[in-house]
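Remember, predicted model here, so these are calculated numbers, not experimental data. Only heavy atoms go into these numbers, but all of them, side chains included; no hydrogens, no water, no symmetry mates.
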Amino acid sequence: SPDSPLRLSDNRITSMLKGSDGLIWIASRNGLTKIDLKKNLSTRYYSRKADEHALCSNTITDICEDSSQNIWIGTDWGLNLYLPGKDRFKRFVPDPDRPGAINNKSITSIHESRDNYLWIGTFGGGLNRFEYDSQTFSAMTTKNGLPDNMVRAIFEDGQYNLWIVTGDGLSRFDTRQKRFKNYNILDGLMESDFLNNRFYRDSSGTVYLAGKNGLTYFNPDRIRYNERIPEIRINEIRLNNIPVQTPRPGSPISVSHQVK
């Protein structure tokens, strides 16, 4: 809609962003609002089915500004890029006939990593990486090592690793080796599922995750990984609950047949 005195598109706020130009973007469950505090004006944007340059959907899930000052808007029906010169949007939606299209329409989170890749979390399609030069996406799902294809949030640690909050625990993605390391309640998490984009990272690097049953916090830069495979030592063997004696203490035990 045209510029008007300060007014929101909807009172149900889902995300907010202050751009590098000072403009404030407010996402809601019914449209997007751009606020210019210097002019005391707001512009409201809505989805229109017949207009391919409008928002994909009125249900906005996340907003992100990248290092080139591009504003990205995630919706439940696709990804949008704001074109300030034309005051309209470019759409990115799944298209089985176009190689490199985003693989899922339901966007949950958007994050630009420090190596200038744009990462998009989806509700069912896992993680997508956007290539600026080719304008294409590549997807990473459970087939590549993610614990779940429902991505709740994305953040980055001090070692350039991405942390993906999923519907089934946390995953640390080594962007250099392209390898996932997954964590769940067996690793100390209070729960395996968290809330969409409900996290905060303080100045010390500690990350706080809001879950359905409480708060989980940890510092990803302080987690140490033991890559050494522990040596297996057998202290005792029992057959039908009777200890099997070896010739002498510490002697090797050989198995000549498979015990079923």
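Asn104 and Asn128 share no donor-acceptor pair across their side chains, judged by distance under 3.5 Å alone. In this model, a donor atom of one side chain and an acceptor atom of the other lie less than 3.5 Å apart for Ser204 and Asp202. With hydrogens and angles left out, the side-chain atoms of Asn196 and Thr108 include no donor and acceptor closer than 3.5 Å. Side-chain atoms of Ser28 and Ser9 include a donor-acceptor pair closer than 3.5 Å. Side-chain atoms of Asn116 and Tyr132 form no donor-acceptor pair, as typed in the model, at a separation below 3.5 Å.
Residues passing the salt bridge (Lys or Arg N to Asp or Glu O under 4.0 Å) test with Asp51 are Arg48, sequence neighbours excluded. Applying the ring pair (Phe, Tyr, Trp, His ring centres under 6.0 Å) rule to Trp72 yields the partners Phe92, Phe130; only residues at least two apart in sequence or on another chain are considered. Arg129 meets the salt bridge (Lys or Arg N to Asp or Glu O under 4.0 Å) test with Glu131; sequence neighbours excluded. For Arg222, there are no salt bridge (Lys or Arg N to Asp or Glu O under 4.0 Å) partners at least two apart in sequence or on another chain. Residues that satisfy the ring pair (Phe, Tyr, Trp, His ring centres under 6.0 Å) test with Phe89, not counting sequence neighbours, are Tyr45, Tyr82.
Using a 4.5 Å heavy-atom cutoff, the side chains of Leu162 and Ile154 are in contact. Residues Val93 and Cys56 meet the side-chain proximity criterion, which asks for heavy atoms closer than 4.5 Å. Between Arg172 and Gln159, the closest side-chain pair of non-hydrogen atoms is not below 4.5 Å.
Under the 6.0 Å cut-off for aromatic ring centres, Phe199 and Trp163 do not qualify, their centroids lying 6.0 Å or more apart.
In this structure, Glu191 places its CD atom where more than 12 heavy-atom neighbours from other residues, nucleotides or ligands lie under 6.0 Å away. Around CD1 of Ile13, the count of heavy atoms belonging to other residues, nucleotides or ligands within 6.0 Å exceeds 12.
Taking a cutoff of 4.0 Å between a charged side-chain nitrogen and a carboxylate oxygen, Arg44 and Asp10 do not qualify as a salt bridge. At a threshold of 4.0 Å, the pair Asp87-Lys34 counts as salt-bridged, since one of the basic side-chain nitrogens sits closer than that to a carboxylate oxygen. For Arg201 and Asp221, the salt-bridge test passes: some basic side-chain N is under 4.0 Å from an acidic carboxylate O.
Phe155 and Ile110 are members of different hydrophobic clusters when ILVMFWY side chains are connected at heavy-atom separations under 4.5 Å. Note on Met150: it does not cluster hydrophobically with Val165, by side-chain heavy-atom contacts below 4.5 Å among ILVMFWY residues. In the hydrophobic clustering of ILVMFWY residues, with side-chain heavy atoms under 4.5 Å counting as a link, Ile60 and Trp25 come out together.
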side-chain hydrogen bond (donor to acceptor under 3.5 Å, both in side chains) between Arg91 and Asn80: does it pass, once the steps are laid out? CA-CA 5 Å; Arg91 293 179 174 181; Asn80 298 267; 4.7 Å; no

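The list of salt bridge (charged side-chain N to carboxylate O under 4.0 Å, His left out) pairs with a residue in residues 97-117, not counting sequence neighbours, reads Arg114-Glu156.
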